[in-house]
K.L.:
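Encoded as structure tokens, here's the structure I'll be asking about.
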Protein chains: 4
Amino acid sequence: MPRAVRERQMMDAAVQTFGQRGYRAASMDEIADLAGVSKPLVYLYLSSKEELFTACIRRESEALIAAVQAGVEPGLPADRQLWAGLGAFFTHTAENPDGWAVLHRQARTHGEPFAAEVSVLREEIVAFVTGLIGAAAREAHQGSELADRDMAGLAQALVGAAESLAGWANETGGVSAKEAAGTLMNFAWMGLGDLMNGERWNPR
Amino acid sequence: MPRAVRERQMMDAAVQTFGQRGYRAASMDEIADLAGVSKPLVYLYLSSKEELFTACIRRESEALIAAVQAGVEPGLPADRQLWAGLGAFFTHTAENPDGWAVLHRQARTHGEPFAAEVSVLREEIVAFVTGLIGAAAREAHQGSELADRDMAGLAQALVGAAESLAGWANETGGVSAKEAAGTLMNFAWMGLGDLMNGERWNPR
Amino acid sequence: MPRAVRERQMMDAAVQTFGQRGYRAASMDEIADLAGVSKPLVYLYLSSKEELFTACIRRESEALIAAVQAGVEPGLPADRQLWAGLGAFFTHTAENPDGWAVLHRQARTHGEPFAAEVSVLREEIVAFVTGLIGAAAREAHQGSELADRDMAGLAQALVGAAESLAGWANETGGVSAKEAAGTLMNFAWMGLGDLMNGERWNPR
Amino acid sequence: MPRAVRERQMMDAAVQTFGQRGYRAASMDEIADLAGVSKPLVYLYLSSKEELFTACIRRESEALIAAVQAGVEPGLPADRQLWAGLGAFFTHTAENPDGWAVLHRQARTHGEPFAAEVSVLREEIVAFVTGLIGAAAREAHQGSELADRDMAGLAQALVGAAESLAGWANETGGVSAKEAAGTLMNFAWMGLGDLMNGERWNPR
DNA sequence: TATGAATGAGGATTCATTCAT
DNA sequence: AATGAATGAATCCTCATTCAT
């Protein structure tokens, strides 16, 4: 069987195992078994547990970024872009729960080398969201009132809210990606104050 | 030395070690060393690694809940209560980074028994926030429009945002608990839409 | 059983195993078995295979140096001292073949850290022999004719001859330490030329 | 590429690797890499690690023997032959440090099959030297006084001294083969006693 | 109340070796 | 003549846990 195919099998098995068990608790034996190969082959192709985990983080990062970017149409107004991005995000994480677990939970929990690896992803996403917020502010002709640091904080909060909702939606099966995106979009765009007063955000 | 004191030393050491290394990477040796006792004593008092970790989760949960509850004055309007609760939350997590790491990162990452333990906490907090949102809705005389499930989703998002900001505030040293609470309160209460238009939420 | 005793049992087993199998081929399992303990205890007391091997080298070095020094009486003329030292050397190596194998064969064959460790021993012995040669030269009132580098070379050759003979004597069981010392002393002191002519060196 | 050439490339790589790393620490992977071929080819041509090592020992033995024999002119007096042989020996070992390491250090350190292989070489050399000593004794008309076993012991000592000096000369770069041969010849032929008295052996 | 001594079980990693092509 | 793909079997090392005192 050609190397590329085997390698993908192994990475799939690794993402699943790391996502469910965690970095330390996952054993190379289990990963090899799940991939249907012997342990030495895993080492031959992927060098070490650490590199394997790093490779998983990278692959899942790129997949997530790609999914979000594919979901966004650059020409639209900022709120529409945000809405589309959130939808793509929730869809992708719902479809790849183990990959999402690797990124969101495991990678950040097991020491610097890995945390650094996901930080890149997170910063990329936060930067994307920060950009959207800036664009929205400019569209509203009030941009000057939002300092950069405020926007970064808002982006952090928004991304955190999305991450948390993604986990919640995954665990309590009943919530679809679209519902999650709707809830969050309302919350983020209108705020609790407006929601209390019956106002809603709608995709035009 | 009396048992209660010894036990607290051990739990302190355990929280620190678990918080920094993670459940699997933390070794009973290191915990015993850090506590200044021999390993058999740790086992005598706390039975097993699993029980020790569970005990840590419980203790830190209770401490966090207590801190948040102590920060809230029940008589105030819902937004003021939320504001006070957020402030207490950010203050406590900033002062107990290891405990917060145990709850937020480690406990949810290392398998069912622990995740279940910390879910109790999260649900308690979510319920508290859900209650506040409900109260705010009633104050606005518009409660009927928000279904229970929506409120739960909103609470999830808000708590997630808070957790994310807590991590951010802890890592980028420059943000104080009060600032974090202000950013989040604005975001959550006013929404991005209003913020773009220059509106702000203020503690009256 | 007290730690010191166990530690010596382990070192004994290690010297025997390393001496017979070599550093790489010796397994910690075999050493632990031979010592009658479990592997973890070996690691608890002696840290790692590398440190264990180093400890063996050091212990056997010190034992050999001590044996040679104990065999020499400082007041005697140089040839008598040499004779006594050689006798002690051959006796000790014959009685501790595994220790001698560790020093002479294994340590020098398995990489820098260990080779450096035995070099210390060898240099100490070579220095001792060089000193004796120097003393003999002074006794003969001709010292000025032997450059330091020549003496070092002679000492190297002498020590090498002794080492070689020690191995030979160990392998072909029939040669006693005293015989080996006699053969070497004759060879070294009289030279082949004189031996051919029937002259012999005798301990007076 | 013809088999004979490939085979030599592999043996060269093997000698270098075995000489530097030792039998156990050398990996077939490294040898194959260094030879610029794939591992299965090594196995096809040389069967197994053990046989490869044995082949190395044999090849280097024969090369050393050949070099020494080529350096000696049979018609000369014994001391001149010895001198020439020592010179050839030191020259060859200096030019083939890895081969010499295989013979002198590695082969004797890694268990019976290999030690036996190199013993053949050593015995051949010892026999050669023993023969020279016997010849010298006959030339001096005093042969009857040296028993066979004494001569064997002397030869052992002489060969050991040569081996030791060869190592020393290789490590401390400053000593040439000729110097080493001179030092040893003086030591062996004249003895320390005569050297102390200012007498020297000279190639006439 | 407290510990020095000890281990069973498991995990990461490497290596000599083979097969199908 | 030559190799990409693959593995069984060790080997070093760590860790949670217990026992006798």
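Order of the sequence lines sets the chain letters (A, B, ...), proteins ahead of strands, with each chain counted from 1.
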K.L.:
Measuring from A:Gln16:CD to A:Cys56:SG, what's the distance to the nearest 0.5 Å?
P.N.:
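Rounded to the nearest 0.5 Å, the CD-SG separation comes to 11.0 Å.
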K.L.:
Using a 4.5 Å cut-off on heavy atoms from C-beta on, say whether the side chain of B:Glu60 contacts that of B:Leu121.
P.N.:
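They are not in contact (no side-chain heavy atoms under 4.5 Å apart), so the answer is no.
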K.L.:
Between A:Glu163 and A:Arg108, does at least one N-O distance fall below 4.0 Å, as a salt bridge requires?
P.N.:
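Between A:Arg108 and A:Glu163 there is a salt bridge, with a charged N closer than 4.0 Å to a carboxylate O.
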K.L.:
On DNA chain F, nearest-nucleotide positions of C:Met28 versus B:Asp29: which is more 5'?
P.N.:
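It is C:Met28, whose closest nucleotide lies nearer the 5' terminus.
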K.L.:
Heavy atoms from C-beta onward define the side chain here; which of E:dT14, E:dA16, E:dT17 lies closest to that of A:Tyr43?
P.N.:
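It is E:dT14.
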K.L.:
In whole angstroms, how far is the C1' atom of E:dT13 from the CD1 atom of A:Ile31?
P.N.:
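After rounding, the gap between these two atoms is 14 Å.
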K.L.:
Where the side chain of D:Lys49 is defined as all heavy atoms beyond and including C-beta, which of E:dG11, F:dA16, E:dA16 is the nearest nucleotide?
P.N.:
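Nucleotide nearest to D:Lys49's side chain: E:dA16.
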K.L.:
Using a 4.0 Å heavy-atom cut-off to protein, can you give one letter per nucleotide of nucleotides 2-8 of chain E, 5' to 3': B if the base is in contact, S if only the sugar-phosphate is, - if neither?
P.N.:
SBBSBBB
K.L.:
Mind running side-chain contact (heavy atoms from CB on, under 4.5 Å) on A:Thr109 and B:Arg105 for me, showing each step along the way?
P.N.:
CA-CA 6 Å; A:Thr109 313; B:Arg105 274 226 267 287; 3.8 Å; yes
K.L.:
For the residue pair A:Arg3 and A:Tyr45, would you count it as a cation-pi contact if the rule is NZ or CZ under 6.0 angstrom from the ring centre and within 45 degrees of the ring axis?
P.N.:
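Yes; both conditions hold, so A:Arg3 lies above the ring face of A:Tyr45.
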K.L.:
Can you tell me if CZ on D:Arg6 sees more than 12 non-hydrogen neighbours from other groups inside 6.0 Å?
P.N.:
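It does: D:Arg6 CZ has more than 12 such atoms within range.
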K.L.:
Round to the nearest Å and state the distance from B:Leu46 atom CG to F:dT17 atom P.
P.N.:
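Computing the B:Leu46:CG to F:dT17:P distance gives 12 Å.
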K.L.:
I want to check something: taking the side chain as every heavy atom from C-beta on, are A:Leu44 and A:Pro40 in contact at a cut-off of under 4.5 Å?
P.N.:
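A side-chain contact is absent here, since even the closest heavy-atom pair is not under 4.5 Å.
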K.L.:
Nearest 0.5 Å please: distance from the OH atom of D:Tyr23 over to the CG atom of D:Leu52.
P.N.:
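Going from OH on D:Tyr23 over to CG on D:Leu52, the span is 8.5 Å.
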K.L.:
Dot-bracket for DNA chain E, please. Rules: Watson-Crick or G-U, both distances under 3.5 Å, ( ) within the strand, [ ] when a pair crosses earlier ones, | for another strand, . otherwise.
P.N.:
.||||||||||||||||||||
K.L.:
Using a 4.0 Å heavy-atom cut-off, does A:Ala26 contact any base of the nucleic acid, only the sugar-phosphate backbone, or nothing at all?
P.N.:
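Touches sugar-phosphate only.
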K.L.:
Which residues in residues 9-23 of chain A have a heavy atom closer than 4.0 Å to any atom of DNA chain F?
P.N.:
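Contacting residues: none.
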K.L.:
Where each residue is assigned the nucleotide of DNA chain E containing its nearest heavy atom, which of A:Ser27 and D:Ser48 is assigned the position nearer the 5′ end?
P.N.:
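Nearest nucleotide further toward 5': that of A:Ser27.
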K.L.:
From CZ of C:Arg24 over to P of F:dT11, roughly how many Å is that when rounded to an integer?
P.N.:
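Between P of F:dT11 and CZ of C:Arg24: 11 Å.
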K.L.:
What is the distance, to the nearest angstrom, from the CD atom on C:Glu50 to the C1' atom on F:dC12?
P.N.:
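Going from C:Glu50 (CD) to F:dC12 (C1'), I get 12 Å.
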K.L.:
Assess the residue pair C:Arg59 and C:Asp12 against the criterion (side-chain contact (heavy atoms from CB on, under 4.5 Å)); give the C-alpha distance rounded to whole Å, side-chain angles, the decisive distance to 0.1 Å, and a yes or no.
P.N.:
CA-CA 10 Å; C:Arg59 190 182 83 168; C:Asp12 289 345; 2.8 Å; yes
K.L.:
Would you mind reporting whether D:Ile31 and D:Lys49 have side-chain heavy atoms less than 4.5 Å apart?
P.N.:
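No, their side chains stay 4.5 Å or more apart.
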K.L.:
Tell me whether the count of non-hydrogen atoms from other residues, nucleotides or ligands lying under 6.0 Å of CZ in B:Arg122 goes above 12.
P.N.:
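Yes, CZ of B:Arg122 has more than 12 neighbouring heavy atoms, counting only those of other groups under 6.0 Å.
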